[in-house]
Amino acid sequence: MKPATPKSNFLRQIIDADLASGKVQSIVTRFPPEPNGYLHIGHAKAICISYGLAEDYNGTYHLRFDDTNPVAEKSEYVDSIKKDIAWLGFDWGEHLYFASDYFERMADIAVGLIEKGLAYVDSLSKEKIREYRGNLNEVGKDSPYRNRSVEENLDLFEKMKSGEFDDGEVVLRAKIDMESPNIVMRDPVIYRVLKAHHHRQGDKWNIYPMYDYAHCLEDAFEKITHSLCSLEFENNRELYDWLIEKTGMDPAPHQYEFARLNLGYTVMSKRWLKKLVVENHVSGWDDPRMPTLAGMRRRGIPFEAVREFCDMIGVAKANSLVDVAMFEFAIRDELNTRAKRVMCVLDPLKLTITNYEGENETLACPYWPRGFDRDETRPVHFSKTVYIERSDFSETPPKKWKRLEKGVEVRLRYAYIIKVNEVIKNEEGEIIELLCTYDKSSKSGSDTSGKKVRRVVHWVDFKTSIEVQVNLYDRLFINERPDVGGDFSLEKELNPQSLVEKKARIETSIVNDDLDTRYQFERHGYFWRDEASDSKAIIFNRIVSLKDSWAKENAKSAPEKPKEKKSSTPRSSEPVMTWRDRVRGENAQLQKDFEEYKSLGLIEVDADVLSGTPSLSHFYKAVSDKGGNPKNLASWIVNVMLPFYDDHFDYSTLGFQPQVIANLIEQVESKSITSAAGKKIFEMIFEGERRSIQTLIEDEGFKKVTDEATLLKWIDEVMVENPKQLEMYKGGKDSLFGFFVGQVMKKSRGAADGVLVKSLLKDQL
RNA sequence: AGAGGUAUCGCCAAGCGGUAAGGCUUCAGCUUUUGGUGCUGGUAUCCCAGGUUCGAAUCCUGGUACCUCUGCCA
């Protein structure tokens, strides 16, 4: 029933590694909303990630209100956010925090920064600050106030605090680097003057910390180990780490970023959600069509479905747009097992059984379908006249029609088999009633008619059924990505059918149920009572419709989607300018090396890489001085050795002689060891192994194995150990060949002769 | 133009040099008194181009596309 969820993601890998290395003993995560609005499904993803991870790893999670900007924040939002998170089933226990509770501490730390000469008060205007910051292409320049003395800064900051400056007059800035390629690092503002009323601190403060300054400190104060946020903060991480380091916070929290959720046919940004509410396109933040948690709760979506959905979509760093079908699946999957089935007719049409003689009767109808291991029933009234769904009768039935048509027997669900004999229409030609006859012996449960009728139709009793209002909700927008591309105008994007209100008729049994009962109205969808419902006027919200494959079948063949061709960019024949070309442009020696390497017969890219830095070039020369084929030497260094250094190759701190590498490559060249073994040996050297290559080969058995008998023995073993794969291979799964080669190679620890193994294996298989 | 990211099926998403997981969607079939549910089965060679290797989605080089950053918002 539960879909398998991705059990691995990059955050888990980070945590696993941190736990394994002892960097942390147990994890602490946090969800840090600003109390300036309502939570939506995107927040639910973030919460499920941070809190879910803490739960899974037996760690701790915090709820922290990041209330550093008093202007938009309200206690009302604090309450709604708490309610929403609790609804999702998370309990933060005693770990409820407010950034504003740390204001004193943060201000003290700012003083410390000033004392260290790492922060200064800037008197530049907002506009000037922007101008001085530069832009994406131009570096910034220093503020004229950047070099104020520590004393002056201390004095000025004190005055900011005590209210001697007005909003916007001065700011406190971190003194970092106005020429940093990362704009975030160009002396970011860390405190601003704001004489605003704070929802918890009142008028106590005249200054408020900025997010970048406050957030990392909050994490540190709370000893958060893994501070998870969305991708747009990637650029801010450098500042986060800078502040943690300069303020000496220990242990240091770390920030990791993941992609935020985008869901089709809805919007997630506060701006648009607010517009929907303010312009009355919806009834409020909790309108059942809203993607807010309050809206989903009112719609009747169980929180478990939201959680299941969050598990399903996983977490990664690639921007994505999740198909609503996935969310709908999660909701249906949850509701399917817990929603009682009842009958409700949304568009009633009268049907009279002309040969029905009794007054009425009561049928015991099961609440649950077969296979549910539940056998509760409810009484349902039945009489001579019932309502059926107008769309269940057709005068011109399409192919494969399974409902009513004239003269064909159909079962009234849980009741009798009937046959329509006559169609009564009004003056406009509209059908107003169907007259039919029934087979008295076909009563459901005691059917002695012997008939097998595959057509079924649901119904409610004419006299006793209750009229109710049903709200049929559908997606709010017409397009999958309403807020992308061009200017987004709500009027054009809104789905006019997002709410359809109907008068429907429902069986009486529902009056006895708890108000929060979830139902499946058979053949329609899942419903529950709206909170505005009362005993006189009952209102049902449709949570989600049933999956409808008939509609698809019936729809005209969908227009063929134009297949997007994967763009293949033609390879330009122009020689390309690499960053190394630029380096060489300023370093004649390297340029000379480059030319020399090429003349030695190196392929161009290897020559390019090896002459990219002085350190590398020296190293290559040192290795090739010892002899050997320059081309192969180069290729080995570039492709096998360099990846170990992850762009940080430094000859001077190498820890082994170039001679060693020359020897190693010679062994590979002379085919006395395989290249895989060569790589393994280098790995050992890289990690500090000091035995000679010769010794290593001897001691560790790296010598290339070309002995057929040994190889065949391994091959036999592999075939015996993997009977399943063997069978599949023989069944035609050729791609398994590589698997067998791999297994043999593994047995030999990479020492077997690959070519030989292949040919032997081919014979054996 | 700078910096930081990302690219695996229609949509999410595993994969970390040796069999291209899984879920959603979709298609086919079975069951069915819900055109629902359940069950069975099918559907990708990994953005492009080179290179290294017995073997590359994974390593190297170079491209391309998309996202984020120029608030005294978070």
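Keep in mind that what you see is a predicted model, and the values were worked out from it rather than measured. Proteins come first, then strands; the chains are lettered A, B, ... in the order of their sequence lines, and each starts at number 1.
Among the atoms of the strands shown, none is found under 4.0 Å from any heavy atom of Thr674(A). Within 4.0 Å of Val171(A), counting heavy atoms only, lies at least one base atom of the nucleic acid. Using a 4.0 Å heavy-atom cutoff across all strands shown, Lys402(A) reaches at least one base atom of the nucleic acid. Pro369(A) comes within contact range of at least one nucleobase, with a heavy-atom separation under 4.0 Å. At the heavy-atom level, Leu756(A) lies nowhere under 4.0 Å from the strands shown.
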Original post:
Going through the checks in order, is the side chain to side chain contact (heavy atoms under 4.5 Å, CB included) test met by Glu238(A) and Val184(A)?
Top reply: CA-CA 8 Å; Glu238(A) 192 179 353; Val184(A) 173; over 6 Å; no

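Dashed line: the shortest gap from a side-chain N or O of Trp368(A) to OP1 or OP2 of U37(B) is not under 4.0 Å. Residue Arg260(A) places no side-chain N or O under 4.0 Å from the OP1 or OP2 atom of U6(B).
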Between the protein and nucleotides 1-3 of chain B, are there any N/O to N/O pairs under 3.5 Å, and if so, what are the atom names and distances?
unit_1 : atom_1 : unit_2    : atom_2 : d
A1(B)  : N9     : Asn137(A) : OD1    : 3.0
A1(B)  : N7     : Asn137(A) : OD1    : 3.4
A1(B)  : N1     : Asn137(A) : OD1    : 3.4
A1(B)  : N1     : Asn137(A) : ND2    : 2.9
A1(B)  : N3     : Asn137(A) : OD1    : 2.8
A1(B)  : N3     : Asn137(A) : ND2    : 3.2
G2(B)  : N9     : Leu136(A) : O      : 3.4

Taking only N/O atoms, report every protein-nucleotides 25-31 of chain B pair under 3.5 Å with atom names and distance.
unit_1 : atom_1 : unit_2    : atom_2 : d
U26(B) : OP1    : Lys552(A) : NZ     : 2.2

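U26(B) and C9(B): their C1' atoms are spaced 12 Å apart (whole Å). Going from the C1' atom of C59(B) to that of U40(B) covers 41 Å, rounded to whole Å. Only the C1' atoms considered, G15(B) is 36 Å distant from U31(B), to the nearest whole Å. Atom C1' of A14(B) sits at a distance of 35 Å from the matching atom of U32(B), rounded to the whole Å. Comparing the same atom, C1', in U8(B) and in C16(B) gives a spacing of 14 Å after rounding to whole Å. The C1' atoms of A3(B) and U43(B) are separated by 42 Å, rounded to the nearest whole Å. Between U53(B) and C60(B), the two P atoms lie 16 Å apart (nearest whole Å). Only the C1' atoms considered, A56(B) is 15 Å distant from U61(B), to the nearest whole Å.
Residues Leu231(A) and Lys317(A) are in side-chain contact: their nearest non-hydrogen atoms beyond the backbone lie under 4.5 Å apart.
Between the base of U61(B) and the side chain of Glu604(A) there is no donor-acceptor pair shorter than 3.5 Å. Checked by distance alone, Arg341(A) brings a side-chain donor or acceptor within 3.5 Å of a matching partner on the base of U34(B).
Remark on RNA chain B: of its neighbouring residues Asn319(A) and Val638(A), the 5'-side contact belongs to Val638(A), judged by nearest-heavy-atom nucleotide.
Of the residues listed (Arg455(A), Arg454(A), Lys451(A)), the one engaging Glu409(A) in a side chain to side chain donor-acceptor pair (under 3.5 Å) is Lys451(A), and it is the only one.
The distance between atom CG of Asn262(A) and atom P of U68(B), rounded to the nearest whole Å, is 10 Å. In this structure, CZ of Phe157(A) is placed 14 Å from C1' of C72(B), rounded to the nearest angstrom. One can place CZ of Arg64(A) at 12 Å from C1' of A74(B), the figure rounded to the nearest angstrom. Note: NE2 (His524(A)) to C1' (G36(B)) measures 12 Å, nearest angstrom. Here the P atom of nucleotide U61(B) and the CG atom of Asn639(A) are 9 Å apart, to the nearest Å. Residue Leu642(A) contributes atom CG, which lies 16 Å from atom P of U52(B) at whole-angstrom precision. Atom CG of Asp392(A) and atom P of U34(B) are 13 Å apart (whole Å). Whole-Å rounding puts the Asp606(A) CG to U52(B) P distance at 9 Å.
At a threshold of 4.0 Å, the pair Arg271(A)-Asp483(A) does not count as salt-bridged, since none of the basic side-chain nitrogens sits closer than that to a carboxylate oxygen. Comment: Glu721(A) engages Lys747(A) in a salt bridge, judged by a side-chain N to carboxylate O separation of less than 4.0 angstrom.
Nucleotide A20(B) forms a pair with no other nucleotide shown, judged by Watson-Crick or G-U wobble geometry with both contacts under 3.5 Å. When both distances must be under 3.5 Å, the Watson-Crick or G-U wobble mate of C72(B) does not exist. Judged by Watson-Crick or G-U wobble contacts below 3.5 Å, the nucleotide U64(B) has A7(B) as its partner. Judged by Watson-Crick or G-U wobble contacts below 3.5 Å, the nucleotide C59(B) has G51(B) as its partner. When both distances must be under 3.5 Å, the Watson-Crick or G-U wobble mate of U26(B) is G42(B).
With C69(B), G62(B), C12(B) as the candidates, the nucleotide lying closest to the side chain of Val322(A) is C12(B). The listed nucleotides are U61(B), A14(B), A74(B); the one nearest the side chain of Val605(A) is U61(B).
Proximity of a side-chain donor or acceptor of Arg186(A) to a complementary backbone N or O of Asn135(A) within less than 3.5 Å is detected. Without hydrogens or angle criteria, Asp439(A) side chain to Ile418(A) main chain gives no donor-acceptor distance under 3.5 Å. Remark: the backbone N or O of Val718(A) is paired with a side-chain donor or acceptor of Asn722(A) at under 3.5 angstrom.
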Original post:
What does nucleotides 15-20 of chain B look like as a protein-contact string, B for base, S for sugar-phosphate only, - for none, at under 4.0 angstrom between heavy atoms?
Top reply: SBBBBS

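For the ring pair (Phe, Tyr, Trp, His ring centres under 6.0 Å) test, residues two or more places apart in sequence or in another chain that qualify with Phe309(A) are Phe327(A).
Listed by residue number, the members of residues 124-131 of chain A with any heavy atom below 4.0 angstrom from RNA chain B are Leu124(A), Ser125(A), Lys126(A), Ile129(A), Arg130(A).
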Ignoring hydrogens and angles, write down the donor-acceptor pairs under 3.5 Å from the side chains of residues 726-743 of chain A, residues two or more places apart or on other chains.
none

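Taking the six-membered ring for Trp and thresholds of 30 and 60 degrees, Tyr416(A) and Phe382(A) have ring planes inclined between 30 and 60 degrees apart. Using cut-offs of 30° and 60° on the angle between ring planes, the pair Trp368(A) and Phe372(A) is parallel. Ring-plane geometry between Phe644(A) and Phe686(A) is classed as tilted, the angle between the planes lying from 30 to 60 degrees on a 0 to 90 degree scale.
Taking the ring centroids of Tyr191(A) and Phe157(A), they lie under the 6.0 Å cut-off.
A donor-acceptor contact under 3.5 angstrom links the side chains of Tyr240(A) and Asp219(A), judged on distance only. Side-chain atoms of Asp753(A) and Thr706(A) include no donor-acceptor pair closer than 3.5 Å.
For the residue pair Ile673(A) and Ala677(A), the shortest heavy atom distance occurs at CB-CB, 4.2 Å.
Base orientation at G42(B) is anti, since its O4'-C1' glycosidic dihedral falls outside 90° of 0.
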